[in-house]
Enquirer: 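Questions regarding the structure given below will be posed in turn.
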Amino acid sequence: MKSNKLCTLVLLLQLAGLSHAGAAGYPGPSGSTGHALSKASSQIGSNAAAPGLDLAHYDPQVRVQDDLFRAVNGGWLKTAQIPASKGSHGSFEILRDQSDAHVRAIVEKLAAQPQQAGSNEQKIGDFYAGFMDTDAIDQAGLKTLRPLLDEIAAIQDRQQLAAWLGRSQGVLNLPLNLIVAPDAKEPLLNRVRAYQGGLGLPERDYFVNRDDKRMAKARADYLHYLSTLARLTGEAKPAEAARRVLALEQKIAELHWDAVANRDVQKTYNPMTPAELAAQAPGFDWAGFFAGAQLSKIDKLSVTQPSAAIGIAKLFETAPLADWKLYAKLHTGNAYAAVLPKAFRDASFAFHGKAMTGTKTPLPRWQQGTGEVNEALGEAVGKIYVAEHFTPAHKARMQELVANLMAAFGESIQGLSWMSPATQKAAQEKLSKYMVKIGYPDKWRDYSALQVRAGDALGNRQRASHFAWAREVAKAGQPVDRSEWGMTPQTVNAYYDETVNEIVFPAAILQPPFFDMNADDAVNYGAIGAVIGHEISHGFDDQGAQYDGDGMLRNWWTEADAKAFSMLGERLAAQFDGYQALPGKRVNGKLTLGENIADLSGLQIAYKAYQRSLGGKPAPVQAGYSGEQRFFLGFGQIWREKAREQQMLRQLTADPHSPGEFRANGGVVNHDAFHQAFGTKPGDKLFKATEERIRFW
């Protein structure tokens with residue numbers, strides 16, 4: 001619901017652009033795939049007359065039958081201001097700020113006093129303190145960056161370039177990136193995947209779309225940023241250097257698969273040996289590249305976008321070496337901008353913040369710092385976070401909700417009219433093998449090999465990246481550790497991972513408005529129940545449904561059932577294609593199809609689970625709303641958000657999640673119970689004839 005993990009790791013890293021791997025703002029584990037609930041979450045107040053419902057921020061002038069999103073969020077939309085440091089604001093962002101504040105209290109306490117040398121507490125405190133000491137960073141100038149720039153300057157040929165690209169895995173977002181993750185056809189074994197990357201703008205469309213003036217402006221802003229980086233890193237002709245790098249990235253972008261193609265799990269699974277890759281993509285020193293990445297002994301890998309890999313390999317051979325060195329230099333300067341002198345930080349914000357998301361001021365330094373520590377030592381921080389902010393009662397209640405949702409999903413499968421008994425049986429088998437993780441890992445990550453030094457902000461980030469990469473390398477060719485988590489407990493998100501068939505709910509999302517211990521079941525099932533149902537449903541969306549219960553990519557559908565399912569997907573894609581979020585810019589129904597299926601299916605299953613929880617008894621009326629109505633009102637509240645134009649453009653172009661208003665309204669129009677609960681009729685804007693409603697699970 002991810003930075004899948006946004007939707008997949010590939011997309012997540014593309015969204016990160018030039019930012020260092022796993023940059024704050026795009027939480028996601030290196031080497032994982034899956035489907036996450038969203039980009040980022042909110043504590044919105046409840047009302048004593050209807051616990052869990054934020055009635056004070058409803059808009060009484062808007063009828064639910066016309067617009068659920070604005071009926072329950074309209075009052076908030078009229079008065080709420082997007083914080084100057086944010087590109088968007090709403091339920092996810094507010095709750096994420098709360099989680100960051102909790103983490104801040106933890107890390108500042110550890111940084112304020114000496115800790116035992118080598119302990120996680122010492123590493124957390126020193127990492128945060130070093131990042132926060134901008135005076136020391138400014139005084140150091142380019143001293144800390146110089147060794148990295150000298151390493152690039154020393155590259156004399158393309159073999160050395162390939163080795164440098166290998167050594168930079170896990171540190172920079174490069175034209176060719178590697179991760180280690182379960183093999184789609186051998187899901188019990190970790191293998192290497194290679195995928196496209198290396199763009200400083202969010203997605204290839206920003207380079208290849210010549211008709212959208214907003215994207216043209218983004219390219220101009222990026223060129224200016226590259227020129228600034230070139231000047232700050234000592235280039236004599238910064239404008240020329242910037243033009244050469246942008247031209248190189250333009251060629252890379254033209255080779256990239258688009259965001260829709262990258263969703264296709266069949267087309268993106270292309271196993272081969274390193275020798276076969278070298279034969280198919282000549283012109284690049286693959287052996288030196290893998291050796292630099294400490295992966296020279298791998299026997300097989302999957303190349304996510306083969307044609308892009310072939311083209312990029314050719315580009316490494318034909319583009320001037322001097323241009324590649326400029327590219328490496330400027331991308332390195334960008335990646336470490338947050339721990340470089342003020343001129344770098346200001347330039348980074350002017351592009352990544354102001355130009356790309358419309359923010360007015362940088363994110364507070366302390367909040368950038370919590371993101372840095374979460375990235376480097378996330379589970380060490382998470383262990384403390386859980387002890388302070390997550391109770392056994394929360395976990396027990398979630399376990400109860402999940403069990404009820406799983407049972408409701410199973411019952412729903414049995415009642416499907418469009419699916420044959422053979423496919424229903426296979427679907428039930430997959431559902432029975434789901435692994436559920438709630439709150440926090442049973443086994444915490446070991447950070448003993450990570451060195452953190454007081455007062456060394458850039459060095460700490462670099463060592464953290466190398467530590468994380470070494471951990472990935474050690475997994476290559478080894479059995480998958482099913483106890484591993486892809487998000488930290490303090491992450492406001494949730495995800496499904498198809499290769500291990502698991503749903504995961506970190507502790508930080510289990511708070512209002514998603515989960516309220518004081519709210520009645522109707523609101524909780526409409527909110528966190530829909531979230532749970534969303535993640536369960538990802539195993540049965542257009543891509544997740546191609547994996548079986550063991551996480552293996554294989555067809556378990558009859559031909560007729562697969563066709564019927566595909567036709568439902570086409571109808572839902574067409575529905576979302578009709579939503580316009582910006583002038584001249586609509587939702588991409590194919591890009592967002594998996595998330596939209598999960599939203600719709602999750603809502604349907606959550607409602608069935610809610611009805612199941614009543615045990616045949618009617619729900620009490622609260623604040624004039626029936627239980628059925630409160631269920632949908634609770635659902636509508638979780639999608640509360642507003643976004644700046646630049647941020648919305650970025651989302652519509654590269655994010656597999658639809659904007660919040662369409663997630664709220666786009667699901668309920670297909671839900672029979674919504675129409676029954678609110679008595680919709682022809683003429684209501686959300687009315688949809690029974691025979692036109694789309695029903696998956």
Side-chain angles (χ1 to χ4, degrees), residues 1-2 4-7 34-38 41 68-69 91-92 398 401-413 415-416 427 430-431 434 436 438 493-498 501-505 509-510 513-515 521-545 565 568-569 572 575-576 592-613 628 631-639 656-658 660-674 693-697:
M1 206 162 122
K2 298 237 281 156
N4 197 340
K5 286 161 167 208
L6 238 30
C7 188
H35 302 266
L37 178 65
S38 177
S41 221
L68 171 67
F69 176 76
S91 296
F92 282 91
M398 271 295 291
L401 287 165
V402 170
N404 204 16
L405 265 291
M406 294 288 283
F409 205 111
E411 293 170 358
S412 185
I413 291 172
L416 290 176
K430 176 171 184 175
L431 187 67
Y434 265 51
V436 180
I438 299 171
N493 220 324
Y495 69 92
Y496 169 78
D497 190 332
E498 63 269 17
N501 197 29
E502 68 178 11
I503 50 177
V504 183
F505 306 97
I509 198 172
L510 305 180
F514 297 96
F515 178 60
D521 279 351
V523 177
N524 273 332
Y525 272 98
I528 197 64
V531 172
I532 296 168
H534 174 106
E535 301 308 340
I536 295 173
S537 300
H538 265 311
F540 300 92
D541 69 19
D542 64 315
Q543 301 302 314
F565 184 70
L568 288 171
L572 190 63
Q575 174 187 322
F576 277 81
T592 59
L593 181 58
E595 298 299 328
N596 295 334
I597 290 175
D599 280 345
L600 174 55
S601 302
L603 182 64
Q604 291 170 332
I605 298 305
Y607 184 80
K608 292 176 181 179
Y610 169 59
Q611 292 295 308
R612 200 171 180 273
S613 74
E628 290 74 17
F631 172 90
F632 290 106
L633 297 176
F635 174 73
Q637 285 179 176
I638 67 176
W639 302 119
H657 302 86
S658 300
E661 69 170 292
F662 306 123
R663 298 183 77 170
N665 291 340
V668 297
V669 296
N670 293 301
H671 203 302
D672 296 333
F674 171 77
R693 296 170 195 166
I694 303 167
R695 305 171 183 86
F696 283 90
W697 301 98

Enquirer: Side chains of D541 and Y496: donor-acceptor distance under 3.5 Å anywhere?
Expert: no
Enquirer: Can you check whether L603 reaches F631 side chain to side chain, under 4.5 Å on heavy atoms?
Expert: yes
Enquirer: Would V436 and M398 satisfy side chain to side chain contact (heavy atoms under 4.5 Å, CB included), going step by step from the backbone distance to the final call?
Expert: CA-CA 10 Å; V436 180; M398 271 295 291; over 6 Å; no
Enquirer: Search all heavy atoms of N404 against all heavy atoms of A609 and return the closest pair with its distance.
Expert: ND2-O, 3.0 Å
Enquirer: Can you sort out the partners of E628 under salt bridge (Lys or Arg N to Asp or Glu O under 4.0 Å), two or more places apart, ordered by chain and number?
Expert: none
Enquirer: Answer yes if the side chains of Q575 and N670 hold a donor-acceptor pair under 3.5 Å, and no otherwise.
Expert: yes
Enquirer: Taking the side chain as everything from C-beta on, heavy atoms only, tell me whether L593 gets closer than 4.5 Å to L572.
Expert: yes
Enquirer: Got a second to check how far Q637's CD is from L68's CG, nearest 0.5 Å?
Expert: 9.5 Å
Enquirer: Quick one: side-chain hydrogen bond (donor to acceptor under 3.5 Å, both in side chains) partners of S537, sequence neighbours excluded?
Expert: none
Enquirer: When rounded to the nearest 0.5 angstrom, what distance separates CZ in R663 from NE2 in H657?
Expert: 5.0 Å
Enquirer: Has the side chain of Y610 got a donor or acceptor atom that lies under 3.5 Å from a matching backbone atom of G526?
Expert: no
Enquirer: Would F515 and V531 satisfy side chain to side chain contact (heavy atoms under 4.5 Å, CB included), going step by step from the backbone distance to the final call?
Expert: CA-CA 10 Å; F515 178 60; V531 172; over 6 Å; no
Enquirer: Taking I694 as the fixed residue, which of I597, V669, L568 is the one that meets the side chain to side chain contact (heavy atoms under 4.5 Å, CB included) rule?
Expert: L568
Enquirer: Using ring centroids (six-membered ring only for Trp), state whether F540 and F409 fall under 6.0 Å.
Expert: yes
Enquirer: May I ask you to test the N493-V504 pair for a side-chain heavy-atom distance under 4.5 Å?
Expert: no
Enquirer: What do the steps show when you test I438 against L510 for side chain to side chain contact (heavy atoms under 4.5 Å, CB included), and what is the final call?
Expert: CA-CA 9 Å; I438 299 171; L510 305 180; 4.0 Å; yes
Enquirer: Please report the interatomic distance OH(Y495) to CD(E535), rounded to the nearest 0.5 Å.
Expert: 10.0 Å
Enquirer: Any idea which heavy atoms bring I638 and A527 closest together, and the distance?
Expert: CG2-CB, 3.7 Å
Enquirer: What heavy-atom pair brings R612 and E411 nearest, and what distance separates the two atoms?
Expert: NE-OE2, 2.9 Å
Enquirer: Which pair of non-hydrogen atoms, one from A494 and one from F505, has the smallest distance, and what is that distance?
Expert: CB-CD2, 3.7 Å
Enquirer: With no hydrogens and no angle check, do the side chains of E595 and H538 hold a donor and an acceptor under 3.5 Å apart?
Expert: yes
Enquirer: Evaluate the side chain to side chain contact (heavy atoms under 4.5 Å, CB included) criterion for residues I536 and I605: first the C-alpha distance (whole Å), next the side-chain angles of each, then the deciding distance (0.1 Å), finally the verdict.
Expert: CA-CA 9 Å; I536 295 173; I605 298 305; 5.6 Å; no
Enquirer: Looking only at non-hydrogen atoms, find the nearest pair between S613 and D521 and report the distance.
Expert: OG-OD2, 4.2 Å
Enquirer: I'd like to know if the side chain of N596 reaches the main chain of S658, judged simply by a donor and an acceptor atom lying under 3.5 Å from each other, with no hydrogens or angles considered.
Expert: no
Enquirer: Please name the residue in the list F632, F635, Y525 that meets the ring pair (Phe, Tyr, Trp, His ring centres under 6.0 Å) test with Y607.
Expert: F632
Enquirer: Could you pull out the closest heavy-atom pair between G634 and V523, with the gap in Å?
Expert: CA-CG1, 4.2 Å
Enquirer: Taking the side chain as C-beta and beyond, is there a heavy-atom pair between R693 and H671 under 4.5 Å?
Expert: no
